[in-house]
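To start, the structure itself, in structure tokens.
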2 protein chains.
Amino acid sequence: MQEAYYVAKSIRKTKTVSTESTKKRVFHNSDDCPIRNVVAQIGDKWSVLILFALVEGADRFNSLKSRVVGISQRMLTQTLRDLEREGYVNRTVYPEVPVKVEYELTSMGRDIVKPLYQLVSWAETHHGEIKRSRKAYDERN
Amino acid sequence: MQEAYYVAKSIRKTKTVSTESTKKRVFHNSDDCPIRNVVAQIGDKWSVLILFALVEGADRFNSLKSRVVGISQRMLTQTLRDLEREGYVNRTVYPEVPVKVEYELTSMGRDIVKPLYQLVSWAETHHGEIKRSRKAYDERN
DNA sequence: CAGTATCCTGTTAGATACTG
DNA sequence: CAGTATCTAACAGGATACTG
């Protein structure tokens with residue numbers, strides 16, 4: 001396992017005596033921790049679905065709205081703005097009448113989709129196992 | 001890109017006429033969509049950090065509490081329960097006095113950490129780029 | 001030690017109405 | 001068409017006090 005700056009060696013300055021002093025601490029500092037700062041961002045309710053929709057190519061606002069089933073206009077706007085701000089999505093306005101706005105993945109957007117696919121692929125494979133685990137847990141609790 | 005059941009071909013039954021009828025729809029159905037159902041679960045504030053802390057081996061409640069910096073007792077309990085329910089974590093009570101409770105990754109827990117590392121590794125690599133993108137966005141808006 | 005139980009606040013996201 | 005603006009309900013999560 002690689003050692004990252006948000007995972008620092010435990011500086012045993014606390015008074016608690018432990019038999020295991022080799023374990024690392026895991027920080028969540030919002031500014032400097034990629035986990036909270038990057039993963040948590042795309043871990044919201046709609047980001048991944050929008051990114052996956054855009055993998056198939058540039059698309060317009062209302063087309064996305066109908067393809068990302070269940071999303072509200074408000075959340076589509078807001079999540080697209082967030083994704084644009086992060087650098088995953090480009091927004092292009094075509095000054096026609098009526099106006100046309102296209103969203104497409106940046107190179108970084110196409111890039112982050114790869115590890116996301118790994119994760120989603122894992123999730124698909126283990127989805128049944130997870131559902132069984134939940135069911136078993138709920139039955140014994 | 002693989003075609004999953006949460007990504008279905010667009011059934012063009014809406015009245016809107018589109019020049020691109022080949023794009024897929026992306027569902028978010030909570031019960032059947034692994035994205036919402038698995039990814040969103042571990043996308044909360046503490047799950048990934050706890051999983052990463054447990055990669056180093058089984059650990060006890062209060063040790064975890066000090067290692068996962070900033071987490072409250074309430075959220076540690078709650079997130080551990082969720083992770084246990086999903087099947088990522090095993091909880092073992094040792095009936096000593098005082099009681100000792102150990103948490104450790106299940107085989108599935110050790111397994112999901114792999115794609116998570118891929119994602120976090122990506123995040124580390126691109127963290128600077130993302131921060132610059134945010135700054136640029138904020139300056140022009 | 002390893003939690004529960006309460007209370008409380010900020011955020012998230014849906015619904016609805018309106019606009020250049 | 002592609003959004004804003006506003007209101008509100010639900011939820012996530014922190015602080016604190018208490019317990020087997």
Side-chain angles (χ1 to χ4, degrees), chain A residues 14-20 28-30 35-36 39-50 53-54 58-85 89-104 141, chain B residues 14-20 28-30 36 40-50 53-54 58-85 89-104 141:
Chain A
T14 48
K15 333 117 214 33
T16 53
V17 182
S18 172
T19 50
E20 308 174 84
H28 83 295
N29 180 293
S30 294
I35 297 181
R36 297 230 40 71
V39 178
Q41 159 63 34
I42 56 98
D44 70 4
K45 193 168 181 182
W46 298 107
S47 288
V48 176
L49 291 168
I50 293 174
L54 288 175
D59 204 357
R60 293 176 319 147
F61 186 86
N62 276 330
S63 173
L64 281 171
K65 186 171 183 309
S66 61
R67 291 173 60 218
V68 181
V69 179
I71 197 168
S72 66
Q73 199 165 37
R74 183 183 179 286
M75 289 315 296
L76 181 56
T77 302
Q78 187 173 303
T79 310
L80 282 170
R81 292 290 180 281
D82 288 344
L83 295 175
E84 189 192 357
R85 180 171 183 265
V89 165
N90 266 333
R91 178 176 180 270
T92 311
V93 182
Y94 296 93
E96 310 168 356
V97 181
V99 64
K100 172 177 145 187
V101 179
E102 259 195 0
Y103 294 90
E104 63 176 342
N141 290 288
Chain B
T14 47
K15 336 119 215 26
T16 52
V17 183
S18 172
T19 51
E20 307 174 86
H28 82 295
N29 180 294
S30 295
R36 296 229 44 68
Q41 159 64 33
I42 55 98
D44 69 4
K45 193 167 180 180
W46 298 107
S47 289
V48 176
L49 291 167
I50 293 175
L54 288 175
D59 204 358
R60 295 176 317 149
F61 186 85
N62 277 331
S63 173
L64 280 172
K65 187 170 181 311
S66 60
R67 290 175 59 219
V68 181
V69 179
I71 197 168
S72 66
Q73 199 165 39
R74 183 183 177 284
M75 288 315 296
L76 181 56
T77 303
Q78 186 174 306
T79 309
L80 282 169
R81 292 290 180 280
D82 288 344
L83 294 174
E84 188 192 358
R85 180 172 183 265
V89 164
N90 266 334
R91 176 176 182 270
T92 311
V93 182
Y94 296 93
E96 311 167 356
V97 180
V99 65
K100 171 176 145 187
V101 180
E102 259 194 0
Y103 294 91
E104 63 176 341
N141 289 289

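Just so it is clear: chains get the letters A, B, ... in the order the sequence lines come, proteins before strands, and each one is counted from 1.
Across all their heavy atoms, B/A58 and B/E102 have their closest contact at CB-OE1, 3.7 Å. The two residues B/F61 and B/L76 come nearest to each other via the heavy atoms O-CD2, 3.5 Å. Between A/Y94 and A/V99 the shortest heavy-atom distance is O-CG2, 3.5 Å.
Here the C1' atom of nucleotide D/dT16 and the NZ atom of B/K65 are 12 Å apart, to the nearest Å. Computed from coordinates, the A/R67 CZ to D/dA2 P distance equals 13 Å when rounded to whole Å. Following rounding to the nearest Å, B/M75 (CE) and C/dC8 (P) show an atom-to-atom distance of 19 Å. When the P atom of D/dC1 is taken as reference, atom CG of A/L80 falls 16 Å away, rounded to whole Å. One atom, CG of B/N62, and another, C1' of C/dC1, lie 6 Å apart when rounded to the nearest Å. Rounded to whole Å, the distance from CG on A/N141 to C1' on C/dG3 is 15 Å. If you measure from atom CD1 of B/I71 to atom P of D/dA12, you get 15 Å, rounded to the nearest angstrom. Distance, A/D82 CG to C/dT11 P: 14 Å, rounded to whole Å.
Among the nucleotides C/dT6, D/dT4, C/dG3, the one closest to any side-chain atom of B/V101 is C/dG3. Comparing D/dG14, D/dA2, D/dG3 by their closest approach to the side chain of B/K45 singles out D/dG14. With C/dC1, C/dT4, D/dG14 as the choices, the nucleotide that has an atom nearest any side-chain atom of B/W46 turns out to be D/dG14. You'll find that the side chain of A/R60 is closest to D/dC1, out of C/dA2, D/dC1, C/dG14.
B/Q78 comes within contact range of no nucleotide atom at all, as no heavy-atom separation falls under 4.0 Å. Using a 4.0 Å heavy-atom distance criterion, A/Q73 is classed as a base contact.
In this structure D/dG20 sits in a base pair with C/dC1, meeting the Watson-Crick or G-U test at under 3.5 Å.
Annotation: the span from B/L49 atom CG to B/I71 atom CD1 amounts to 8.0 Å, rounded to 0.5 Å. Within the model, atoms CZ of B/R67 and CD1 of B/I50 stand 11.0 Å from one another, a figure rounded to the nearest 0.5 Å.
Residue A/Y103 has no polar side-chain atom (N or O) positioned under 4.0 Å from OP1 or OP2 of D/dC1. Phosphate contact (OP1/OP2 of C/dA2, side-chain N/O of B/R91, threshold under 4.0 Å): absent.
If you find the closest nucleotide of DNA chain C to B/F61 and to B/R74, the one lying nearer the 5' end belongs to B/F61.
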